[in-house]
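Down below is the structure, laid out as structure tokens.
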Amino acid sequence: MSDLTRSITISGGGLAGLSLAIALRRRDLPVRIFESGSYPRHRVCGEFISGVADETLENLGIAHAFSECRRHRSFSWWQQGREFHQGQLDQPALGISRHHLDYQLATMAQQIGCALQTGHRSKPAPFDGHIWAAGRRPCDGPWIGLKAHVKGIKKASDLEMHLGANGYLGLAEVEDGWVNACGLFRIDRSIRAKGPDLLSAYLEAGGNTRLATDIRNAIWRDDSFTAVAGFSLGRQPEIPGLLCLGDAESIIPPFTGNGMSMAFQAAEAAISPLVQWHDGKIPWATTVSEIKAALRSQFSLRLQSARLLHPFLLKKSGRTLLRALAGCRALPVRPILSLIR
Ligand SMILES: Cc1cc2nc3c(=O)[nH]c(=O)nc-3n(C[C@H](O)[C@H](O)[C@H](O)COP(=O)(O)OP(=O)(O)OC[C@H]3O[C@@H](n4cnc5c(N)ncnc54)[C@H](O)[C@@H]3O)c2cc1C
């Protein structure tokens, strides 16, 4: 029997919040979710899911949401229109738009009895049973993320990663032949472009002129352009007593293609302590500290590794070294991938 006095409140219906809600409902816990936006909608995200085990998706009860997604194996690295490395992933990455995935998960959550309220902006207040999964925290961080779905771009591999002087952009297919073009760039206040023109403007400013032209001339999916600016990467500042999951807890640099996987893994790590709390076996303070310890032990190495590697992509000397290593086939791709997974 479910104890209605110990119910779960999740603020944020993105991947961490929805997948946790589904997992807990499947274990008969009462769950309500508050989401500030609505579904379906496009989000800034490369939509390239790498490093999550099938077992995690099954444990969360969401594996079937991925049955029809793209499976990506090949990848290549580019600079100024020139490919300098190509390779194959040992485990395929999944390609599915957030427009589709978040909507599917929100529908699934409601079908199994989660009370989901959209258009509701919660406050980060610590109280028993409250989980903060509200994603990136607005701050004066140096980054801008831009994304659109396009058609008509020729690709040489499933994932193309294009490095520039001011950031990078990935190209990977999602459903219906659309290609996700998503980049992370350092905010440049001298760029005057607005709206969708920002994407090609940032690519041009970073030296990827040909790609900028290809993207400008591509067919754009209606309403798919989205932008988010001013956030920081890495561990997010703690809010005393508040249990944070997903990007609200830590943000891995997007080049890893691992942020969505981390959202699922964080949700999975939270299941057992939350079930024990609901069953009255542990107090809320213990639940919070157990989950925080699990997240630290699971994510610390990959967050630190990604933090050390990220500057290589963003500094000229780093990119030169990457190209040189790739040129003599000495780029340690497998060890790097295992550190950031
Ligand atoms: C440029 C860029 C590219 C990326 N590319 C990739 C990639 O290719 N692969 C990958 O795995 N990851 C990628 N990521 C990271 C990935 O998008 C995130 O790690 C992932 O979305 C985290 O999920 P989440 O549930 O924690 O947060 P989100 O998915 O952001 O969900 C948070 C939810 O909370 C809601 N919300 C916010 N505030 C409130 C509030 N006050 N009250 C209620 N609801 C609220 C939001 O509307 C949102 O629905 C990328 C990120 C960026 C910036």
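One-based numbering, in listed order, for ligands and for the atoms of each. Since the structure is predicted, the reported quantities are computational estimates derived from the model, not experimental observations.
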Answer with yes or no whether K147 contacts ligand 1, where contact means a heavy atom under 4.0 Å from a ligand atom. no

Look only at interatomic distance and state if A263 has a nitrogen or oxygen under 3.5 Å from any nitrogen or oxygen of ligand 1. no

Would you please determine whether F231 falls within less than 4.0 Å of ligand 1 on a heavy-atom basis? yes

Does S36, backbone or side chain, put an N or O under 3.5 Å from an N or O of ligand 1? yes

Can an N or O of L15 be found at a distance shorter than 3.5 Å from an N or O of ligand 1? yes

Counting N and O atoms only, with roles assigned by atom type, does the side chain of Y39 sit under 3.5 Å from a partner on the main chain of G13, one being a donor and the other an acceptor? yes

Are F255 and ligand 1 in contact, using a heavy-atom cut-off of under 4.0 Å? no

Contact between K123 and ligand 1, counting heavy atoms under 4.0 Å? no

N/O separation below 3.5 Å, S11 to ligand 1: no

Just do the salt bridge (Lys or Arg N to Asp or Glu O under 4.0 Å) check on E238 and K292 with the steps written out, would you? CA-CA 11 Å; E238 281 214 25; K292 283 186 177 177; 3.1 Å; yes

Is F48 close to ligand 1, meaning an N/O of one under 3.5 Å from an N/O of the other? yes

So for ligand 1, is G246 a polar contact partner (N or O within less than 3.5 Å, distance only)? no

Inspect the contact between D158 and R70 and indicate whether a charged nitrogen and a carboxylate oxygen are less than 4.0 angstrom apart. no

Determine whether any heavy atom of M262 lies closer than 4.0 Å to an atom of ligand 1. no

Check K155 with E173, please: is the shortest side-chain N to carboxylate O separation under 4.0 Å? no

Please check if the side chain of Q236 supplies one atom and the backbone of G234 the other of a donor-acceptor pair under 3.5 Å. yes

When you measure from the side chain of R26 to the backbone N and O of G61, does any donor-acceptor pair fall under 3.5 Å? yes

Is R41 near ligand 1, meaning one of its heavy atoms is under 4.0 Å from it? yes

Taking N or O atoms only and a 3.5 Å limit, does R43 qualify as a polar contact for ligand 1? yes

So, regarding R98 and ligand 1 (criterion: nitrogen or oxygen to nitrogen or oxygen, under 3.5 Å), is there a contact or not? yes

G183 near ligand 1, heavy-atom distance under 4.0 Å? yes

Considering distance alone, does some N or O of A248 sit under 3.5 Å from an N or O of ligand 1? no

